[in-house]
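Below you'll find the structure, written out as structure tokens, and then a few comments.
Residues: numbered from 1 along the sequence shown. This is a predicted model, so every value here is computed, not measured.
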Amino acid sequence: MFAGDIVTHAAGLNEPKSVSKHAMTQSDVTYVTGLWDLSRPGRDFGSHYLHYFSQLLELDIALYIFADESLKDWVFERRSEKNTVFHGFSLDEIKHFYQDHWDATQKIRTDSEWQSQAEWLRQSPQATLEFYNPIVQSKLPWLNDVTFFDPFKSEEYFWIDAGITHTVRADLLSEVLGMPRSNRFIFLTYPHHGDSEIHGFDRTGMNQYCNMNFVDRISRGGFFGGDKFHINTLNGIYHELLKETQDAGYMGTEESIFTIMSYRHPEIIKTFELENGLLQPYFEDLRSHSLTQETILYIQTYNTPEQVRCLLESMNQYDPDLLKRPKVVLLDNSDDPEVEAGYQSLCGEFPFIERLKRDNPGITGGRVLAAEHFETTDAVQYLYFEDDMMLFDGHSTDRQGFPRRIDGLYQKLCKIMEAEGFDFLKLNFQELYAINTTNTAWFNVSQRVRQKAWPDTSSGPPYTQFDRIKSMYGLAYASGDIFYANWPHIMSRSANRRIFLDQKIQHPSEHNVMAHCYELWMQGDLNVAVLLASPIEHNRIHDYDRTARKEY
């Protein structure tokens with residue numbers, strides 16, 4: 001019933017009969033869960049499942065719940081209608097939803113040869129409970145459907161088991177749920193070396209489906225997810241694998257299919273290795289990782305604290321994640337004692353800012369200081385801004401017709417950087433004195449490099465050589481021989497080292513760094529790109545003494 005079409009709903013699943021009449025809370029992340037009373041031996045529904053489910057319900061997260069209609073009032077005694085969708089779904093509806101796989105599931109689970117693979121399997125829930133596998137094997141299709149319903153207008157969607165607080169502390173979940181996780185789909189995995197089967201799925205068959213000599217890890221089903229594009233793509237893959245393996249007589253649980261997917265599609269799926277199968281270490285790592293952000297935002301300023309305030313306000317208005325997600329470092333190059341009180345007041349107003357004070361090392365000199373400071377951190381990439389590089393306040397286009405308003409700019413930048421492995425990605429196609437249709441590096445490289453790179457363009461600057469134009473999450477970008485500039489960009493750790501640290505640039509002007517980057521690109525040592533968008537505008541609102549301005 002749930003099909004592999006990534007454009008429409010997995011099973012033509014109807015939206016919930018009742019959605020809150022109140023305005024729904026918007027959230028970066030939607031969590032999806034489900035709960036039914038299957039009378040599982042050894043686990044009382046009230047004292048076990050409802051107890052832990054109630055702890056999940058207490059968390060302030062956007063939650064989409066599949067459950068029997070009889071639980072609805074109980075849920076809303078504990079949850080607000082603004083951050084909760086209750087999708088009443090009976091066992092009969094589950095059977096209909098799962099109908100393409102129902103007969104195969106029931107045939108395999110009652111087969112004596114399948115049950116005889118291991119002593120424990122005959123009494124396992126997947127063997128004894130008619131609805132156990134239909135439910136757990138519907139998790140990904142349900143998650144897929146919610147990406148289309150999208151009541152909370154989210155960027156990411158995760159399945160979270162209703163009883164997760166049985167093994168993960170609720171206070172830890174409260175701290176970390178909602179944090180960005182990965183620019184790909186994520187499965188949590190744990191090592192598994194013994195047994196001739198995996199959850200009832202014959203190990204020899206598992207090895208074959210995974211294209212491995214020996215499968216030594218299993219993907220967990222208690223928590224997984226990612227962005228809409230990857231969920232929709234993997235839903236089709238999941239459906240085909242489930243059908244193919246069941247037709248061949250193989251069956252474990254959803255974790256068996258998830259394991260095959262993680263081995264076969266590492267380009268889409270990111271895995272987090274658990275030592276013993278318990279999920280809590282992942283959330284502890286997420287909390288620890290969030291304290292030392294993967295991205296740093298550097299803002300260079302000179303003698304104008306109010307200009308920085310204007311930039312911060314424009315960032316917060318354009319995309320709050322620009323200030324909320326990365327660590328913010330202010331490169332204060334001021335040398336006027338009269339502005340000190342203004343900067344101290346600014347940092348008091350925005351306490352998340354770390355201030356680095358250097359007296360007027362110059363514009364590109366300050367850019368080099370950012371590179372040197374970044375090398376001392378554990379972050380993987382950084383954004384570079386100067387304090388007059390404001391986020392555009394409007395919805396028009398630039399002179400090339402490219403958009404200036406990009407919703408969710410920060411997270412899209414991070415996802416593109418991870419997916420493409422760019423060394424740096426420029427944030428603006430249109431700059432103040434240059435446009436990326438032509439290669440400004442032509443003016444700054446040596447005559448030797450110019451003749452080698454552009455033997456037929458002695459009369460003027462050449463057009464930029466774009467080798468690929470792509471779009472991800474609705475944001476287009478182009479790679480090629482993109483020239484470096486001190487305009488806002490996001491840069492990787494390895495590129496930072498190659499450009500600024502491996503070989504110290506004498507007289508580090510913007511022109512010299514641009515020439516150096518172009519030579520690295522010619523050698524095949526840089527993979528760079530520019531957005532086909534212009535979200536930044538140069539706007540110097542509060543000025544300084546221009547006679548004191550210098551490059552380095």
Within a strict 4.5 Å, meaning less than it, do heavy atoms of the Tyr64 and Pro151 side chains meet?
yes

Inspect the contact between Asp423 and Arg498 and indicate whether a charged nitrogen and a carboxylate oxygen are less than 4.0 angstrom apart.
yes

Not counting sequence neighbours, list each pair that qualifies as a ring pair (Phe, Tyr, Trp, His ring centres under 6.0 Å) and has a residue in residues 487-511.
Tyr384-His489, Tyr484-His489, His507-Tyr552

Report yes or no: is the cationic atom of Arg468 (NZ for Lys, CZ for Arg) under 6.0 Å from the centre of the six-membered ring of Tyr477, at an angle within 45° of the ring normal?
no

Hey, are the side chains of Ile406 and Tyr318 touching, using non-hydrogen atoms and a 4.5 Å cut-off?
yes

Tell me, do Trp521 and Ile482 make a side-chain contact under 4.5 Å, heavy atoms counted?
no

When Phe272 is tested against each of Phe185, Tyr190, Tyr282 for ring-ring contact (aromatic ring centres under 6.0 Å, His included), which residue passes?
Tyr282

Residues which pass side chain to side chain donor-acceptor pair (under 3.5 Å) with His265, listed by chain and number, not counting sequence neighbours:
Glu267

If you define the side chain from C-beta out and look only at heavy atoms, does anything of Leu413 sit under 4.5 Å from Leu409?
yes

Count the heavy atoms belonging to other residues, nucleotides or ligands that lie under 6.0 Å from OH of Tyr463, then report whether that count exceeds 12.
no

Cation-pi check for Tyr473 against Lys228: NZ or CZ below 6.0 Å from the six-membered ring centre and within 45 degrees of the axis, yes or no?
no

Once side chain to side chain donor-acceptor pair (under 3.5 Å) is applied, do any residues pair with His373, and if so which ones, sequence neighbours excluded?
Tyr298

Side chains of Tyr263 and Ile269, heavy atoms from C-beta outward: is any pair under 4.5 Å?
no

Across all chains, not counting sequence neighbours, the salt bridge (Lys or Arg N to Asp or Glu O under 4.0 Å) partners of Glu537 are none

For Gln503, is the CD atom crowded, meaning more than 12 foreign heavy atoms sit under 6.0 Å from it?
no

Could you tell me whether the side chain of Ser154 and the main chain of Ser27 form a donor-acceptor pair under 3.5 Å?
yes

Is there a side-chain contact between Leu391 and Leu322, using heavy atoms and a 4.5 Å cut-off?
yes

Looking at Ile536, is its backbone amide N or carbonyl O close enough to the side chain of Asn428 to form a donor-acceptor pair, meaning the two atoms are under 3.5 Å apart?
yes

Is it true that Lys153 and Asp407 have a side-chain N and a carboxylate O under 4.0 angstrom from each other?
no

Would you list the pairs meeting salt bridge (Lys or Arg N to Asp or Glu O under 4.0 Å) in which at least one residue belongs to residues 509-530, sequence neighbours left out?
Arg448-Glu519

Enter the distance from Ile268:CD1 to Phe187:CZ here, rounded to the nearest 0.5 Å.
11.0 Å

Applying ring-ring contact (aromatic ring centres under 6.0 Å, His included), name anything that partners Tyr544, two or more places apart in sequence or on another chain.
Tyr302

Would a 4.5 Å heavy-atom cut-off, applied to side chains only, mark Arg79 and Phe86 as touching?
no

Within 45° cone of Phe374 ring axis and under 6.0 Å: Arg493 NZ or CZ
yes

Is there a ring-ring contact (aromatic ring centres under 6.0 Å, His included) between Phe223 and Phe158? Walk through the geometry before answering.
CA-CA 7 Å; Phe223 186 87; Phe158 287 84; 5.2 Å; yes

CD of Glu431 to NE2 of His538, rounded to nearest 0.5 Å, is 11.5 Å

Inspect the contact between Lys357 and Glu340 and indicate whether a charged nitrogen and a carboxylate oxygen are less than 4.0 angstrom apart.
no

Can you check whether Phe352 reaches Lys327 side chain to side chain, under 4.5 Å on heavy atoms?
no

Main-chain N/O of Ile541 paired to Gln307 side chain as donor or acceptor, under 3.5 Å
yes

